[in-house]
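Here's the structure, in structure tokens; my notes come after.
Chain A is the first sequence line, chain B the second, and so forth, proteins listed ahead of strands; every chain is numbered from 1.
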Protein chains: 2
Amino acid sequence: MEVPARPGPDASSLSAHDRVYRTLRTRVMHGELLPGQPLTLRGIGREFGVSMTPAREAIQRLVAEGALTMSGSGRVQTPELGNERIEELATIRALLEPELGSRALPRAHSALIDRMEAINSANTDAVLRSDAVTYVRTNLEFHRTLYLRAQSPAMLAMVETLWLQLGPTMRALYGRLRRNTPPPHHRMILAALKAGDEPGLRLAIRTDVTQGLRHLTQ
Amino acid sequence: MEVPARPGPDASSLSAHDRVYRTLRTRVMHGELLPGQPLTLRGIGREFGVSMTPAREAIQRLVAEGALTMSGSGRVQTPELGNERIEELATIRALLEPELGSRALPRAHSALIDRMEAINSANTDAVLRSDAVTYVRTNLEFHRTLYLRAQSPAMLAMVETLWLQLGPTMRALYGRLRRNTPPPHHRMILAALKAGDEPGLRLAIRTDVTQGLRHLTQ
DNA sequence: CGTGCGGATTTGTGATCACGCTTCGGACAT
DNA sequence: ATGTCCGAAGCGTGATCACAAATCCGCACG
């Protein structure tokens, strides 16, 4: 119905299937859809006012990225990940994201850190309000704001694919345990950035990523 | 026309778009298509005897995986990667593949090593015959045979996505410099496997991945 | 009250078509 | 001989339809 995705900075909303794709993508990544939620081509087409053709392309693309799973009969739903899969994806995040942080560190000026602190406070707000979707969204924004400075588009795209696969699961997990403490390691990340401490930054990011998901699967 | 892809172990060739997708995917990954080669929906449909619809789905899926690039006007071709992108993808390989090797190490029995040595000799043959496509294919088979033992499907899928993006470029690069020496570090990988030397295996894989691509971009 | 079972509905798949845009080739003028 | 322009051909996009398979719901049977 609503959620304009992010018609955003790029003025390339030319094709209908791209608009559908982008909207569904951010919905999945931000955890607006719960794991196992089914999607139908005709339903999506109806919602976006398009026919089945662009809906099918958008769905197919999301399936290829792992944002959605397709059963043998073609039925599509958000993924329901097992613990071993969650830990595997967390491991990959722990391998890639410190590298992105390290590459961003030399280019992380004070304006960037200020912006990250603002996002982090919005994140803390979401925790106190028990707003799972906003929590996930601001958490990812915090990381992406830093990683954009790494100027490593392929690596960032790969990490976003991981976020995409974890989106519904993260929302469900964060919603399950109503944590009332802000994300623990974001302050360590900010401190390491200010100090220019590269090993400390790597460690802070790695523990933020793994710890954030590890104690949820136990 | 030919190249049955790998109708392979899974007997799920039910849908036409899946058959098209799989065939094109292995073509790209093995470097059977040169960088910049254009693809058209009607051409693919004609070749596979299907209409544009399944051809479009297969293409869209490959674009989502980075195996093909789509211009703003919807034109599709194999990617022409710049050096910085190649090095970035090689860095990601260097981060993920040693981890896969390390996870496979405890499960690498002698039968597996024997199979890898057979693949490696086929690889050496391809080098001596200057058969670039076979070289790329056996090289990837060598790695995949090991990584399958890691039982980390998400990580393996991510690495295969990297191979897919590098496919046309690898073929073009290996074809450009007619190397007549076999891949240098495969023997080190095999030796580390036999010795159960985990740090040595990580190093051997990392250098095989980076060195294999690094001295090609210079 | 639980358990199969059968028909109606809904779903994905693939083919076909119309539309608008991009691209490429040749003719013309310079 | 070179550059420009215009037309035709080819392209991707999206809508619609027919078909087969899967799913769902209610009814009958145990």
Fill in: Test side chain to side chain contact (heavy atoms under 4.5 Å, CB included) applied to A/Trp163 and A/Val136, A/Leu89, A/Leu140, A/Asn139, the passing residue
A/Leu140
Discussion item. As an exercise, state the distance from CZ of A/Phe142 to CG of A/Asn120, rounded to the nearest 0.5 Å.
Written reply: 5.0 Å
Worksheet item: Which sits closer to the 5' end of DNA chain C, A/Thr40 or B/Ser71, going by the nucleotide each is nearest to?
Response: A/Thr40
Check the distance between [N]'s [atom2] and [X]'s [atom1] and give it to me in whole angstrom.
X: B/Arg42; N: D/dA9; atom1: CZ; atom2: P; result: 14 Å
X: A/Leu41; N: D/dG14; atom1: CG; atom2: C1'; result: 14 Å
X: B/Met52; N: D/dT16; atom1: CE; atom2: C1'; result: 14 Å
X: A/Ile59; N: C/dT11; atom1: CD1; atom2: P; result: 13 Å
X: B/Ile44; N: D/dG10; atom1: CD1; atom2: C1'; result: 15 Å
X: B/Asp18; N: C/dT13; atom1: CG; atom2: C1'; result: 12 Å
X: A/Arg46; N: D/dT16; atom1: CZ; atom2: P; result: 14 Å
X: A/Phe48; N: D/dG14; atom1: CZ; atom2: C1'; result: 16 Å

Worksheet item: Quick one: do A/Asp18 and A/Arg25 make a salt bridge, cutoff under 4.0 Å?
Response: no
Discussion item. Ring-plane angle category for B/Tyr135 and B/Tyr174, please: parallel below 30°, perpendicular beyond 60°, tilted otherwise.
Written reply: tilted
Worksheet item: Does A/Ser73 make a side-chain N or O approach to OP1 or OP2 of D/dA22 shorter than 4.0 Å?
Response: no
Worksheet item: If only side-chain N and O atoms of B/Thr53 are considered, is one of them under 4.0 Å from the OP1 or OP2 phosphate oxygen of C/dG14?
Response: no
Fill in: Presence of donor-acceptor pair under 3.5 Å, side chain of A/Arg56 and base of C/dG14
yes
Discussion item. Starting the side chain at C-beta, find the nucleotide from C/dG14, D/dG12, C/dT11 nearest to A/Arg75.
Written reply: C/dT11
